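Everything below concerns the one structure shown next.
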Amino acid sequence: MCRICWFMVLILAVSVSALVYLFVVRGVTVPASDGRTAILLAPAERDLVLTEMRGFLAAVQSITEGVVNEDPAAVAAAARSAGAPAQHSVPASLVGKLPLAFKRLGFDTHGRFDQLALDVGQFGDTSQVLPELVALMNNCVACHAAYRIDLEP
Ligand code: HEC
């Protein structure tokens, strides 16, 4: 192939890699004043993420209540409400602003709620719910330690 063609292929490959890095890996982030990484979002995007977060908190409360009441059906219903299929669809523009590690932790958390719902349905009792919830909540702690949301300028 001609030299100029190789050069153009190279430029294209570098541009695609840069775009993938920007939109898939890094997201739109800046170092925050408290040492965390701030994800910069528009007000409506922030609202959407925080609404999902309050859903997580409500699910954890209901799951714990279900364990106290030894009610596997209530635990399963609460866990499913925070599982992957129950989530709002996330606009592509927002997906591009979230760093890859954040998305991974988010998917894993929804997946763990789904797994908890499946397990409590299968075992038919609540004996293994707390150990699973403890492991799941490590994701809450890890993500909050690493990220916060600031409004984009
Ligand atoms: C993938 C990352 C991630 C995971 C996992 C995660 N959170 Fe969050 N959560 C955040 C971020 C970022 C914020 C905004 C924090 C800030 O700006 O200081 C937040 C905020 C919240 C808030 C505040 C909501 C509001 O309206 O202000 C609650 C409550 C919350 N999370 C609960 C949870 C619970 C419970 C879990 C686990 C079941 C969880 N989160 C898992 C990233 C995450």
Side-chain angles (χ1 to χ4, degrees), residues 14-153:
V14 169
S15 314
V16 168
S17 312
L19 285 175
V20 166
Y21 175 73
L22 282 179
F23 290 103
V24 179
V25 179
R26 195 193 66 169
V28 182
T29 56
V30 292
S33 53
D34 58 8
R36 294 188 287 173
T37 297
I39 305 170
L40 303 181
L41 299 182
E45 294 167 336
R46 179 173 180 263
D47 289 347
L48 193 123
V49 174
L50 293 182
T51 301
E52 188 164 312
M53 288 299 150
R54 294 192 298 278
F56 275 163
L57 183 59
V60 169
Q61 193 280 336
S62 301
I63 289 169
T64 326
E65 190 176 350
V67 172
V68 170
N69 296 333
E70 293 178 21
D71 183 348
V75 171
R80 268 196 305 273
S81 76
Q87 293 323 296
H88 311 96
S89 61
V90 178
S93 55
L94 174 53
V95 174
K97 292 177 181 176
L98 302 174
L100 185 60
F102 183 97
K103 284 180 280 219
R104 278 220 191 98
L105 260 175
F107 283 133
D108 185 68
T109 306
H110 289 303
R112 283 171 185 267
F113 276 114
D114 284 328
Q115 189 61 48
L116 200 154
L118 277 177
D119 290 345
V120 77
Q122 225 157 38
F123 290 112
D125 69 45
T126 57
S127 58
Q128 83 305 331
V129 171
L130 282 185
E132 283 187 49
L133 191 61
V134 166
L136 181 160
M137 288 191 81
N138 283 330
N139 280 6
C140 321
V141 174
C143 197
H144 295 151
Y147 298 103
R148 74 180 200 190
I149 298 174
D150 286 355
L151 289 177
E152 56 194 15

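Whatever order the structure lists them in is the order used to number ligands and atoms, beginning at 1. When reading the values below, keep in mind they use all heavy atoms of this one structure, side chains included, and skip hydrogens, waters and symmetry mates. Bear in mind that the values here come from a model prediction, so they are computed numbers and not experimental data.
Counting heavy atoms under 4.0 Å from ligand 1, residue R36 touches it through the side chain alone. Neither the backbone nor the side chain of I39 has a heavy atom within less than 4.0 Å of ligand 1.
Minimum heavy-atom separation, A59 to F113: CB-CE2, 4.1 Å. Scanning both residues, L98 and K103, for their nearest heavy atoms gives O-NZ, 2.9 Å.
In this structure, the side chains of P85 and D114 come closer than 4.5 Å at one or more pairs of heavy atoms. Side-chain atoms of L94 and V49, non-hydrogen and from C-beta on, do get closer than 4.5 Å to each other.
Residue nearest to atom 5 (C) of ligand 1, selected from L41, I149, T109, V49: T109 (by heavy-atom distance).
Not a single donor-acceptor pair under 3.5 Å links the side chain of R80 to the backbone N or O of A86.
The shortest N/O to N/O separation between V60 and ligand 1 does not fall below 3.5 Å. Close N/O approach between R54 and ligand 1 is found [any backbone or side-chain N/O within under 3.5 Å].
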For residues 120-132, which side-chain donor-acceptor pairs fall under 3.5 Å, sequence neighbours excluded?
from : atom 1 : to   : atom 2 : distance (Å)
D125 : OD1    : S127 : N      : 2.8
D125 : OD1    : S127 : OG     : 2.7

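In terms of the salt bridge (charged side-chain N to carboxylate O under 4.0 Å, His left out) criterion, residue partners of R112 (sequence neighbours excluded) are, by chain and number, D108.
Taking the six-membered ring for Trp and thresholds of 30 and 60 degrees, F102 and Y147 have ring planes more than 60 degrees apart, a perpendicular arrangement.
Here the CD atom belonging to Q87 is positioned 8.0 Å from the OG atom belonging to S81, to the nearest 0.5 angstrom. The line from CG of L100 to CZ of R104 is 4.5 Å long, rounded to the nearest 0.5 Å.
The list of salt bridge (charged side-chain N to carboxylate O under 4.0 Å, His left out) pairs with a residue in residues 91-100, not counting sequence neighbours, reads E45-K97, K97-E152.
Atom numbering of ligand 1 starts at 1 in the shown order; those under 4.0 Å from a heavy atom of N139 are 5 (C). Close approach of ligand 1 to L105 is summarised as follows: ligand atoms under 4.0 Å from at least one heavy atom of the residue are 1 (C). Those atoms of ligand 1 with a heavy atom of R148 less than 4.0 angstrom away are 12 (C), 16 (C), 17 (O), 18 (O). Atom numbering of ligand 1 starts at 1 in the shown order; those under 4.0 Å from a heavy atom of L136 are 38 (C).
At the top of the distance list for atom 27 (O) of ligand 1, counting protein heavy atoms only, stands L50 CD1, 4.0 Å.
Note on atom 8 (Fe) of ligand 1: protein N/O/S atoms under 2.8 Å are M53 SD, H144 NE2.
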